[in-house]
2 protein chains.
Amino acid sequence: MRTISDTIEKFLLDNFSNEELELSRNELADFFGCVPSQINYVLSTRFTLDKGYIVDSQRGGGGYVKIKKINIDDKFKDIIFERIGNNIDYNSACCILDNLCRNGKISEEQKVCITSAIEPKALKTPFLIENDLRAKILKNILYKIYN
Amino acid sequence: MRTISDTIEKFLLDNFSNEELELSRNELADFFGCVPSQINYVLSTRFTLDKGYIVDSQRGGGGYVKIKKINIDDKFKDIIFERIGNNIDYNSACCILDNLCRNGKISEEQKVCITSAIEPKALKTPFLIENDLRAKILKNILYKIYN
DNA sequence: ATATAACAAAAGTCAAAGATAGTCAAATTA
DNA sequence: TAATTTGACTATCTTTGACTTTTGTTATAT
């Protein structure tokens with residue numbers, strides 16, 4: 001544990017009680033004598049989806065930051081990381097969804113819904129980011145389903 | 001419950017007896033030691049149509065605020081009719097029908113029937129009113145089915 | 001009696017102030 | 001060079017209060 005970020009990470013991990021941890025960004029920053037955005041840095045580098053965490057937050061009075069640990073089986077993780085990656089075309093995505101559906105990981109209804117969300121026409125922008133967007137959306141939905 | 005708004009929301013939810021709750025805005029504000037408009041804030045952020053509530057009120061002497069929990073079907077109807085609006089293209093209509101069917105709101109048979117009724121070739125006229133016609137017909141049929 | 005005016009008793013609106021959290025890039029450090 | 005630290009600026013949610021609108025009641029004039 002060398003950096004402030006490492007210290008904060010350890011502190012958070014130590015205080016994980018039951019798969020979920022809630023905190024105040026400003027208070028935590030105060031506690032460690034750092035600027036609030038340092039907390040964001042820790043969250044975005046240490047508590048990422050890829051490492052099995054979902055971060056949820058709210059601004060304004062009574063605001064908070066929640067960190068949730070998610071549990072998914074390794075096979076599923078494999079699919080997420082190796083097959084989806086950081087960008088994926090529509091047809092490949094459909095194949096994955098078909099597979100998940102056949103294996104009972106998602107329902108037919110869910111498949112339809114997800115498919116609609118990642119259809120090319122839904123992701124058309126003036127920029128060349130369709131496949132990147134699709135990968136992010138797809139991973140996010142699947143994580144939510146399995147959370 | 002971290003904010004006053006959250007507390008008031010919980011209080012209201014806890015006091016929901018039979019699908020409807022009537023209250024005095026000023027008395028409630030007094031009870032929680034907040035300004036009356038705070039009640040409006042809670043109502044407009046926590047008891048929205050989206051979340052299945054309808055808020056009704058009256059000013060003046062004997063004024064009141066009523067919160068009604070609407071059943072899913074009512075909510076569903078509202079959303080559907082709002083989405084159809086005064087004109088709708090064939091594909092959107094089909095999406096809605098697919099949705100209704102998937103959600104068990106209409107049968108497969110009804111879907112086939114309605115679809116035939118609003119097909120482009122069925123609504124061809126020399127005027128540019130295809131989408132307007134379709135909306136009227138669609139709403140009329142659904143209205144019949146639901147009432 | 002009836003219409004009207006004045007007042008009182010609600011609820012509504014809206015914008016400012018307060019309280020958090022997020023973003024992004026420059027500066028620093030390992 | 002890459003990761004970390006910092007802070008100025010932004011976005012969002014909540015709280016508050018002054019001002020407005022609506023409704024019911026009571027007094028007054030006809």
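Chain naming here is simple, since letters A, B, ... match the order of the sequence lines and numbering starts at 1 in each. Source: prediction; values computed, not measured.
Counting any heavy atom pair closer than 4.0 Å across all strands shown, A:G63 reaches sugar-phosphate atoms only and no base atom.
Counting distance only, with no hydrogens placed and no angle test, the side-chain atoms of A:R25 and the base atoms of C:dT20 include no donor-acceptor pair under 3.5 Å.
Side-chain nitrogen and oxygen atoms of B:T3 include none within less than 4.0 Å of the OP1 or OP2 phosphate oxygen of D:dC13. Between B:R46 and D:dT14 there is a side-chain polar atom (N or O) within less than 4.0 angstrom of OP1 or OP2.
Rounded to whole Å, the distance from CG on A:L28 to P on C:dT20 is 14 Å. Distance A:K66 NZ to C:dT20 C1': 15 Å, rounded to the nearest Å. Rounded to whole Å, the distance from CD on A:E27 to P on C:dA19 is 13 Å. The separation between B:D30 atom CG and C:dA11 atom P is 11 Å, rounded to whole Å.
With distances taken from any side-chain atom of A:Q58 to the nucleotides D:dT16, C:dA21, D:dT14, the minimum falls on D:dT14.
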Determine whether A:S92 and A:D89 satisfy the following criterion, side-chain contact (heavy atoms from CB on, under 4.5 Å), listing intermediate values before the conclusion.
CA-CA 6 Å; A:S92 307; A:D89 64 75; 3.0 Å; yes
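A cation-pi contact, defined as under 6.0 Å to the ring centre and within 45° of the axis, links B:K66 to B:Y64.
The stretch residues 31-45 of chain A touches DNA chain D through A:V35, A:S37, A:Q38, A:Y41, each having a heavy atom under 4.0 angstrom from the strand.
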